[in-house]
Amino acid sequence: MFAKSVIALYERTHANADEETKRTGLGKVAGIVGLLSNIVLFVIKLAIGLFSGSIAIMADAFNNLSDTAGSIVTLVGFKVAGKRPDRGHPFGHERFEYISGVLVSMLMIFAGLDFVQSSIGKIQHPTADRITFVVLITLLLSIFIKLWQNLFYRQMGDEISSDTLKATAMDSQTDVVATTAVLISAVLSQFAHIQIDGWIGLFVALYLIYEGIQSIRGSVNQLIGIRPSDAEVQKYTDQLSKYDDILGFHDLMIHHYGPTQIFATVHIELDSRWSLDQAHEEIDKIERDFQKKFNVELVGHIDPIDIDDRLTAEVYERLQTIIQEMGGGLHTHDFHIEPGPHHTRIVQFDVVVPDNYPEDDKTLNLRILADLRRYYPNVTTEIDFDHNYLGHDHTVL
């Protein structure tokens, strides 16, 4: 509820700002809220840990200190990521947000490694902790604050599509588990006289390390470049399927240079009888639609298709039969026939090969050519094999 109120207030006070400015501003607000709340938690828990002698509580306190550093990193990350494109970075700076996500995760790991050593020492030399009612109430309050932080970061992260804030939400979730474990240790020490503070501290430390590694993997994958989600691909293919004047499309490729900087390319099949101006107008319309509807910089490549040539239709149907008989989910697109020397026909097309197909491209090439020459002895093929995430074509011939 608080996150929604913050978002609504920010949008009212920045009504004239563009979407990127609003996104950066909300990210900074989230960082400031996290910074202040984590400083308060660190001071309280450190004081309680020193008073009680609990290594688990002190480990939890320094975990909050790493959260404070993480909030600072988040603030810096959004500030840099919000910079406009420049000569050296024509696609903007939004990927720096992923770098800040890596730094937040590394802080989690370093905090965990530090307290592994402290916890092992407490296991080897256990001592009774001074646990009071105030300590227990403070730990319960800390759990509720971290639950609130997790919900706040998660809602803000969903609102602005921020992996950094989602990683910070995961860190808050980790803190809930860690502080709950510390609370259990404190209760057992106070009422059952069972000293497991060192073991709980070790659990908290290892849990921190594990979550940090998982968070780093997500941020690094974004930096390297990962396959877009099926939902994103489907959203764009659904839009392309709405244009009745195009014959089909294929080779849709999507590139992310940050959460809002998205570029895409696609091959669009058009009637070869169209004039160049007519084809350009159609492609230009599609590109404008993608910019307006999805804020995506789409570039369309024209593939002319001869839909009236009788031989083209005949060879195409023959090829489809051959491909279907091969099985395994193979598909074709971008089909052309060109005359060659001595009345030889050159058949050009692409074959989309699923990731798990058992044969390599060279073997497939030889098999397709051999099958076609059973019907057209002088034919020559020029085949491009596609291995992409779209996995199928949308050609209508």
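Throughout, residue positions are numbered sequentially from 1 according to the sequence presented.
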Does the pair Asp371/Arg367 count as a salt bridge with the N-to-O cut at 4.0 Å? no
Scanning both residues in full, the closest heavy-atom pair of Thr237 with Leu252 reads CG2-CD2, 3.9 Å
Mind listing the closest non-hydrogen atom pair of Leu247 and Leu270 along with its distance? CD1-C, 3.8 Å
In Å and rounded to the nearest 0.5 Å, what is the CD to CG distance from Glu282 to Asp277? 13.5 Å
Considering only heavy atoms from C-beta outward, does the side chain of Ile246 approach that of Ile286 to under 4.5 Å? yes
So, taking the atom named CD1 in Ile268 and the one named CG in Leu240, what distance separates them when rounded to the nearest 0.5 Å? 6.0 Å
Distance only, no hydrogens: is a donor on one side chain within 3.5 Å (strictly under) of an acceptor on the other, for His250 and Asp303? yes
Are Ile368 and Tyr375 joined in one hydrophobic group, where the rule is that I, L, V, M, F, W and Y side chains link up if heavy atoms are under 4.5 Å apart? yes
Shortest non-hydrogen contact from Pro354 toward Gly328: CG-O, 3.2 Å
Does the side chain of Glu325 come within less than 4.5 Å of Thr321's, by heavy atoms? yes
side-chain contact (heavy atoms from CB on, under 4.5 Å) between Glu232 and Phe294: does it pass, once the steps are laid out? CA-CA 10 Å; Glu232 184 177 18; Phe294 306 116; over 6 Å; no
If two hydrophobic side chains count as joined below 4.5 Å and joins carry through other members, does Ile120 share a cluster with Leu113? yes
What do the steps show when you test Gln214 against Ile209 for side-chain contact (heavy atoms from CB on, under 4.5 Å), and what is the final call? CA-CA 9 Å; Gln214 292 298 105; Ile209 294 170; over 6 Å; no
Search all heavy atoms of Ala169 against all heavy atoms of Asn150 and return the closest pair with its distance. O-ND2, 2.7 Å
In terms of heavy-atom contacts, Ile283 and Gly300 come closest through CG2-O, 3.8 Å
Aromatic ring pairing Phe263/Tyr257, orientation class (parallel under 30°, perpendicular over 60°, tilted between): perpendicular
Measuring from atom NE2 of His267 to atom CD1 of Ile302, what distance do you get when rounded to the nearest 0.5 angstrom? 11.5 Å
Please determine whether side-chain contact (heavy atoms from CB on, under 4.5 Å) holds for the pair Thr380 and Val347, giving the CA-CA distance in whole Å, both sets of side-chain angles, and the decisive distance to 0.1 Å. CA-CA 6 Å; Thr380 299; Val347 181; over 6 Å; no
Hey, are Asp238 and Ser241 close enough side-chain-wise for a donor-acceptor pair under 3.5 Å? no
Tell me whether Phe385 at atom CZ has more than 12 heavy atoms from other residues, nucleotides or ligands lying less than 6.0 Å away. yes
How many angstroms lie between CD1 in Ile322 and OG1 in Thr332, if you round to the nearest 0.5 Å? 10.5 Å
Report yes or no: do Val353 and Leu366 belong to one cluster of Ile/Leu/Val/Met/Phe/Trp/Tyr joined by side chain heavy-atom distances under 4.5 Å? no
Rounded to the nearest 0.5 Å, how far does NZ of Lys235 lie from NZ of Lys293? 9.5 Å
Do any N or O atoms from the side chain of Asp251 and from the backbone of Val266 form a donor-acceptor pair under 3.5 angstrom? no
Tell me, yes or no, whether the heavy-atom count around Trp199 atom CH2, taken from other residues, nucleotides or ligands under 6.0 Å, exceeds 12. no
Heavy atoms from other residues, nucleotides or ligands near CZ of Arg217 exceed 12 (cutoff 6.0 Å): no
A quick test of your reading: do over 12 heavy atoms of other residues, nucleotides or ligands sit less than 6.0 Å from CD of Glu281? no
Could you check whether atom NE2 of His280 has more than 12 heavy atoms from other residues, nucleotides or ligands sitting under 6.0 Å from it? no
Please check: side-chain N/O of Gln239 versus main-chain N/O of Phe290, any donor-acceptor pairing under 3.5 Å? no
Beyond-backbone contact of Ile216 with Ile109, side-chain heavy atoms, under 4.5 angstrom: yes
May I ask you to decide if Gly34's main-chain N or O and Asn38's side chain share a donor-acceptor pair within less than 3.5 Å? yes
What's the verdict on side-chain contact (heavy atoms from CB on, under 4.5 Å) for Asp289 and Leu298, showing C-alpha distance, side-chain angles and the deciding distance? CA-CA 9 Å; Asp289 287 349; Leu298 178 70; over 6 Å; no
In this structure, CG of Leu330 is separated from CD1 of Ile323 (nearest 0.5 Å) by 5.5 Å
Under 6.0 Å from the OH atom of Tyr243, do we count more than 12 heavy atoms belonging to anything else shown? yes
Go through it in stages, so that I can follow the logic: the residues are Tyr316 and Phe349, the test is ring-ring contact (aromatic ring centres under 6.0 Å, His included), and I'd like the CA-CA distance, side-chain angles, deciding distance and then a yes or no. CA-CA 10 Å; Tyr316 177 81; Phe349 55 93; 9.3 Å; no
State plainly whether one hydrophobic cluster holds both Leu36 and Ile145, where clusters connect Ile, Leu, Val, Met, Phe, Trp and Tyr through side-chain heavy atoms under 4.5 angstrom apart. no
Note: Tyr357 and Met326 closest approach over all heavy atoms is OH-O, 3.8 Å
Between the side chains of Asp271 and Arg273, is the shortest nitrogen-to-carboxylate-oxygen separation below 4.0 Å, so that they form an ion pair? yes
Verify the cluster assignment for Val40 and Val176: are they in a single hydrophobic cluster under the rule of side-chain heavy atoms below 4.5 Å apart? yes
So for atom OH, which belongs to Tyr210, do other residues, nucleotides or ligands contribute more than 12 heavy atoms lying within a distance under 6.0 Å? no
